[in-house]
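The structure appears right after this line, and notes come after that.
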Amino acid sequence: MKTEIKAITPDSIREAKNIIEKGGVVAIPTETVYGLGGNAFDDSAVAKIFEVKGRPSDNPLIAHVHKDYDLSQIVDYEPDYAKKLRQAYPTGPLTLVYPSKNKVSPRVSCGLDTLAVRVPSHDGAQAFLRAVGIPIVAPSANISKHVSPTSAKHVLDDFDGKIPLILDGGECVGGIESTVCDCTGDVPVILRAGLITREDIANIVGDCKVYEPTFAKGEKVKSPGLLYKHYSPRCQTRLFTAEELETAVLLYQSETKAGKKVAILCEDKWSSLFQTLGAPLFNLGKEQSEMAMKLYKLLREAEEKCELLIAIEPTEKTGIMVGVLNRLQKACVSEDIKRD
Ligand code: AMP
Ligand code: MG
């Protein structure tokens, strides 16, 4: 199969719509990362997404809809606080998990009685979603466990020859996946941190908790995606905190001396230190939103250029950095969480 990259135009949207209506999958841009989209009502399209990504079969998908879509078609109940959140963020990097049974293909939520829904703000995504008029499940358009894609080229690198069409909407400005917020209980609970923070949500609805699974055997994990290694470059990785900078420097020196191609990923404040050592550098920058936007792009560049990536955790750990740090930590773990 030939994979084509096409700019978003009425023609390419029509082509994407045709593919979706025939049960196929198409890569689409969003403001967070690129997604691999298929018809949420179509069992075999959903199955195809899991297959082409190699995604574990118990990791549910997010349904994406345009901003005037009638939610009651796919969710059973919407608590008042979720309505407030939707009013505050009619579009954007916020996924809300609702009670929902038998509304879309059972494969979407992997048998859970809930459905995660997002309304992306990206103009191209909106145009596509409006044209198809149905909910589109769209996990990040990367091979499972690999770094999420923030450009059409990243998608091609993972799926060349495996999908027919990538709609090119430019580089993603958000850079990390949406905040996933459970809206099935009395208060919202963040299941996955993102660009909309716990504080943002609490400011709107008065309260917001953060889900912290213990991963003990037998515990029912609310968001199965949390169990998996994720976002990982195809080189070796080691992650250090800023307090462990000296150890990181020693590791850089010893591994370089042993002949390994080693690079550093860090925020701007440490860049001159590593530059004086002559280290190839992937600089996350200074601003928090800049770090979110650059993280996946730099992880993908790093895997092309080094055998070992030494990453230094950004020092700021609040606000959107909770999400950035979570992705960086998951990118640098070696395995899925084992529960027995
Ligand atoms: P991705 O599509 O790769 O961005 O991942 C989607 C994320 O949303 C994963 O962490 C899933 O576990 C989570 N998710 C999707 N649907 C649900 C749901 N019904 N309940 C809880 N978490 C969900
Ligand atoms: Mg993903």
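These values consider heavy atoms only, across backbone and side chains, with no hydrogens, waters or symmetry-generated copies. When a ligand or atom number is given, it counts from 1 through the structure's own listing order. Along the sequence shown, the residues carry numbers beginning at 1.
If you look at Arg118 next to ligand 1, there are no close heavy atoms at all, none under 4.0 Å. Under 4.0 angstrom from ligand 1, the non-hydrogen atoms of Leu191 all belong to its side chain. Counting heavy atoms under 4.0 Å from ligand 1, residue Leu61 touches it through the backbone alone.
Under a hydrophobic clustering in which Ile, Leu, Val, Met, Phe, Trp and Tyr are joined whenever their side-chain heavy atoms come within less than 4.5 Å, directly or via other members, Val104 and Leu96 fall into the same cluster. Taking hydrophobic clusters as Ile, Leu, Val, Met, Phe, Trp and Tyr residues chained together by side-chain heavy-atom distances below 4.5 Å, Ile13 shares a cluster with Val26.
When side chains are defined from C-beta on, Tyr252 counts as touching Ile264, because their heavy atoms get closer than 4.5 Å.
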Applying side chain to side chain donor-acceptor pair (under 3.5 Å) to Asp158 and His146, what does each step give before you reach the verdict? CA-CA 9 Å; Asp158 278 18; His146 193 213; 3.0 Å; yes
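Crowding of Lys260 atom NZ: a count of heavy atoms from other residues, nucleotides or ligands under 6.0 Å exceeding 12.
The Mg ion (ligand 2) lies under 2.8 Å from an N, O or S atom belonging to Ser140.
Of the candidates Arg55, Glu177, His230, the one placing a heavy atom closest to atom 6 (C) of ligand 1 is Arg55. Proximity annotation for atom 18 (C) of ligand 1: of Val180, Val33, Thr114, Thr114 comes nearest, heavy atoms only.
Per-residue contacts place Asn59 under 4.0 angstrom from the following atoms of ligand 1 (heavy atoms of the residue considered): 9 (C), 11 (C), 12 (O). Taking every heavy atom of Ser140 and a limit of under 4.0 angstrom, the matching atoms of ligand 1 come to 2 (O), 3 (O).
Remark: aromatic rings of Tyr231 and Tyr296 are close, center separation under 6.0 Å.
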